[in-house]
Amino acid sequence: MFALADCNNFYASCEKVFNPSIGLRPVVVLSNNDGCVIARSAEAKRLGIPMGAPAFKIEEMIRKYDIAVFSSNFELYGDMSQRVMNILSRFTPDLEIYSIDEAFLSLTGFEHLNLIDYGHKIRETLKQGTGIAVGVGIAPTKTLAKAANVYAKKNGSGVWFVYEKTDIDKLLRWLPISDVWGIGRKHSSRLENAGIKTAYDFVTKMSEEIVLKRMTITGVRTWKELKGIKCIPLEKFPPSKKSIATTRSFGHMVENYDKLIESVTTFASSCASKLRASRLAAGQIMVFIHTNSFRKDLDQYAQNRVLTLPVPTSDSLELIQYAQKALKDIFKEGYQYKKAGVIVSALVNENKIQQDMFDRIDREKHKNLMNAMDEVTKRFGKNSIKIASQGLGKRTWHMNQQNLSKRYTTRWDEIIEVKI
DNA sequence: TCTGGGGTCCTAGGACCC
DNA sequence: TCTGGGGTCCTAGGACCC
C-alpha cells in the first residue's frame, strides 16, 4: 500500500502561514520575474484565476478582489518542505520525496491499522507542526494513490482510501482522464476526442496493445497501475541527477554582450556550486540564449552550444571559461535577448573522475580555492564572494521581484516578528 | 510594458562497429 | 535475379512531472 501526501497550494500556504493577517484574502504566488501565477490559494482558485496566468493579465482582478501577491521565495518554500518531509518520515520507514510539496509513503505492513485514521493522523500532525494543510490518498499503486489524493482534495474529506475493486471502479469513473498521473495535455486531448473521458473509460475501452502503440511503455504502466497492478516502485533513494541547470528570464531585455557574459557567468557559477553541493562533476556544458518569443514585432534568434570538457569538473573558474567560450560562439549582435541559461550534464561522482594524461590544470589547488569560496558563502551568505566576471555593477539583466516575503525560517535577520 | 524554472523518460533514425 | 546479421551509441523531438 502507498499513501501520497500532497500539500495544498503549497507556495501560497507557506506565505499564509507567516502572514496570518491575510485571513481569507485570495493569495497568488508569481514565478521568477513576477511573470505568471504558479500557485493559488483556494480563494484565488475560486475566483477562476488560471494556473500560469501572466501577472499583467490579472492586474484588474488583483485590485478588485484585494488579492495578496507574492514573488516566489524558494528559500522559504525549500525549508518548509524539509519540515514537512521530516514529519512525514515519522509515519513510515520508507519515504519517497517526490517533489517539493509531496511524498509517497510505503504503508506495506501497516494493513492491520485503520488506514483512514492513519491518514487523518498524518494530516493533523502536519497541520500542527507546519501550519500547512495536506491531502492524503491511500491505494495499492502509486497512480491510484495519486487519484485518491485528487479525490480527497475535491470532496473535502482530506483523506481517501481505496482497496476493494468496487471502490477503485467508483474512483476511476469519477476521475477525468486529464487528472490521471502520467497523462498530460497532449494525450488527454487525443483520448477525449476518441471518447475516452475518464480513467474508467481508459482501462475498460482500451487494450494494452493500443495503449502501447499510442502512448509507449509509459502509457502501459499507467494503464496497469490504474487496474491495481503495481509497475512503479517506491524510490526511497533518489537516483543521482543527470543534469543540473540554472536558467533565467531577464527583468529587461539585454542587447549588450558584456551584460550577457555577466549573466552566463553567474549561471555557470551557480551550476558549479550546485555540482559541488551534490559531490558531482560535469563532463558537458551547454549554454543557450534566446530572444523574447512573445514579441512578434521583434527579430527572433535562439541558439545553443554544447561543449565537452577534457576532464569532468565542478570548478567554477573552469566551467565559467567554457560557458563564456560557448556564448562567444553563439552570440549574434543586434538582438534583444530575454533569456539565457547554463545546463551541465554527463555528471559523474566527484571521486570517480577519469583523469587526462595531458591535463595542465592544478586541480588540487583549484579544489582548495573552491572549498574556500564555499566556506565564505556558507558563513557570510549568497553573493558575499563572486567571480569578477559576474560583474560588480548593477545587474541590469537581473529579475524583478517586487513582492518578496522574508526568509523567516533560514535567516536570523529576517525572523518573524510578532507585535502585541 | 509585462508571459517561470528544473527535471525525467521513451522512441526513431542515423552513424558506426565487426 | 541477386544485395547479411547483429549490435551500440548518439541525438532530436515529443511526452510527461512538479
Side-chain angles (χ1 to χ4, degrees), chain A residues 4-11 28-39 49-60 62 69-74 77-78 81 96-104 142-143 146 149-150 177-191 211-222 225 231-232 235 238-253 267 270-271 274 278 283-284 286 288 290-298 304 306 308 336 338-347 399-403:
Chain A
L4 174 72
D6 185 329
C7 298
N8 300 353
N9 324 318
F10 184 58
Y11 300 163
V28 299
V29 177
L30 302 180
S31 61
N32 277 340
N33 249 336
D34 293 344
C36 42
V37 173
I38 54 168
I49 294 174
M51 186 70 166
F56 69 91
K57 285 191 182 168
I58 59 163
E59 266 168 13
E60 205 181 313
I62 290 172
V69 179
F70 292 92
S71 303
S72 36
N73 184 346
F74 288 109
Y77 313 148
S81 172
E96 174 185 342
I97 298 172
Y98 177 66
S99 76
I100 193 161
D101 73 336
E102 62 191 295
F104 288 100
K142 281 173 144 185
T143 307
K146 270 275 193 185
N149 183 286
V150 175
I177 191 69
S178 58
D179 280 355
V180 174
W181 186 46
I183 297 181
R185 266 211 321 272
K186 296 273 179 180
H187 280 138
S188 36
S189 88
R190 274 175 218 161
L191 289 167
V211 175
L212 177 65
K213 209 170 139 192
R214 304 259 166 87
M215 302 168 69
T216 78
I217 188 69
T218 46
V220 174
R221 273 184 213 130
T222 300
E225 284 244 322
C231 300
I232 307 172
E235 287 190 359
S240 80
K241 283 204 176 143
K242 301 192 167 168
S243 68
I244 288 175
T246 300
T247 71
R248 288 286 178 281
S249 296
F250 303 137
H252 303 281
M253 288 196 274
F267 303 155
S270 152
C271 284
K274 288 178 190 173
S278 317
Q284 274 193 333
M286 179 176 96
F288 72 82
H290 64 73
T291 49
N292 188 346
S293 55
F294 290 103
R295 292 289 300 270
K296 303 293 179 205
D297 53 322
L298 298 176
N304 66 65
V306 179
T308 300
Q336 307 248 341
K338 179 61 180 171
K339 183 169 176 173
V342 173
I343 303 172
V344 291
S345 54
L347 307 185
M399 55 189 187
N400 298 322
Q401 288 195 302
Q402 294 195 2
N403 303 290

Can you give me the N/O atom pairs linking the protein to nucleotides 8-10 of chain C at distances under 3.5 Å, or say none if there are none?
none

Whether Glu225(A) side chain and Thr143(A) backbone form a donor-acceptor pair below 3.5 Å: yes
Expressed in angstrom and rounded to an integer, what is the separation of Asp34(A) atom CG from dT1(B) atom P? 18 Å
Any residue of residues 178-186 of chain A with a heavy atom less than 4.0 Å from an atom of DNA chain B: none
Nearest whole Å is fine: how far is dC17(C) C1' from Leu4(A) CG? 13 Å
Heavy atoms under 4.0 Å, any strand shown: does Ala245(A) hit a base, just sugar-phosphate, or nothing? sugar-phosphate
Roughly, in whole Å, what's the span from CZ in Phe70(A) to C1' in dG4(B)? 19 Å
Give the minimum heavy-atom separation between Ile38(A) and Ser72(A), together with the two atoms involved. CD1-CB, 4.2 Å
Side-chain N or O of Ser249(A) closer than 4.0 Å to phosphate OP1/OP2 of dG5(B): yes
For Asp101(A), answer base if it contacts any base atom (sugar-phosphate contacts may also be present), sugar-phosphate if it contacts only those atoms, and nothing otherwise; contact means non-hydrogen atoms under 4.0 Å. sugar-phosphate
If we ignore hydrogens and angles and just use 3.5 Å, is the side chain of Ser31(A) paired with the main-chain N or O of Cys36(A) as donor and acceptor? yes
Just compare dC17(C), dC2(B), dG4(B) and give me whichever is closest to any side-chain atom of Tyr98(A). dC17(C)
Quick one: is Lys338(A) getting a side-chain N or O under 4.0 Å of the dT3(B) phosphate, OP1 or OP2? yes
What I'd like to find out is whether the side chain of Ile49(A) reaches to under 4.5 Å of the side chain of Val37(A), using heavy atoms alone. yes
Ala346(A) backbone acceptor or donor facing Lys242(A) side chain under 3.5 Å: no
Whichever of Thr218(A) and Thr246(A) has the more 5' nearest nucleotide on DNA chain B, that residue is Thr246(A)
Parallel, tilted or perpendicular: which one describes the rings of Tyr11(A) and Tyr77(A), with boundaries at 30° and 60°? parallel
Thr246(A) and Lys274(A) side chains, donor-acceptor separation under 3.5 Å: yes
Measuring only between side-chain heavy atoms, which start at C-beta, is Thr247(A) closer than 4.5 Å to Val342(A)? no
Which part of the nucleic acid, if any, lies within contact of Leu30(A), taking any heavy atom under 4.0 Å across all strands shown: a base, the sugar-phosphate backbone alone, or nothing? nothing
Option from Glu235(A), Glu96(A), Glu102(A) for which salt bridge (charged side-chain N to carboxylate O under 4.0 Å, His left out) with Lys142(A) holds: Glu96(A)
Trp181(A) side chain reached by Leu4(A) side chain, heavy atoms, under 4.5 Å: no
Is it the case that the side chain of Asp101(A) and the backbone of Ser81(A) share a donor-acceptor pair, with hydrogens and angles ignored and the cut-off at 3.5 Å? no
Ser243(A) side chain, from C-beta outward: closest of dG5(B), dG4(B), dG7(B): dG7(B)
Could you tell me how far apart His252(A) (NE2) and dT3(B) (C1') are, to the nearest whole angstrom? 16 Å
Regarding the side chain of Ser31(A), the nearest nucleotide among dC2(B), dG6(B), dG4(B) is dG4(B)
So if I take every side-chain heavy atom of Thr216(A) and compare against dG6(B), dT11(B), dG7(B), which nucleotide ends up nearest? dT11(B)
Look at the side chain of Ile217(A) and decide which nucleotide, out of dT11(B), dC18(C), dC2(B), has an atom nearest to it. dT11(B)
Using side-chain heavy atoms (C-beta onward) and a distance below 4.5 Å, is Gln401(A) in contact with Asn32(A)? yes
When the distance from CG of Asn73(A) to C1' of dG4(B) is rounded to whole Å, what number comes out? 16 Å
Figure out the CG/P separation between Asp6(A) and dC17(C), and round it to whole Å. 13 Å
Distance test, side-chain N/O of Lys146(A) to OP1/OP2 of dC17(C), below 4.0 Å: no
Each stem that DNA chain C is part of, given as range with range (3 or more consecutive Watson-Crick or G-U pairs, under 3.5 Å): B:5-18 with C:5-18
To the side chain of Lys274(A), which of dT3(B), dG6(B), dG4(B) is closest? dG6(B)
Determine yes or no for a side-chain-to-main-chain donor-acceptor pair under 3.5 angstrom, with Ser71(A) supplying the side chain and Gln402(A) the backbone. yes
Picking from dG4(B), dG6(B), dC16(C), the nucleotide nearest the side-chain atoms of Asn32(A) would be dG4(B)
By nearest-nucleotide position on DNA chain B, the 5'-leaning member of Lys242(A) and Pro54(A) is Pro54(A)
If you compare every side-chain N and O of Lys57(A) against the phosphate oxygens of dC2(B) (OP1, OP2), does one of them come in below 4.0 Å? no
Can you check the Met253(A) CE to dT3(B) C1' distance for me, whole Å? 12 Å
Can you tell me the distance, in whole Å, between the CE atom of Met51(A) and the P atom of dC18(C)? 10 Å
Applying a 4.0 Å non-hydrogen cut-off, can you work out what Arg295(A) is touching in the nucleic acid: base, sugar-phosphate, or nothing? sugar-phosphate
Do the side chains of Gln284(A) and Thr308(A) get nearer than 4.5 Å, heavy atoms only? yes
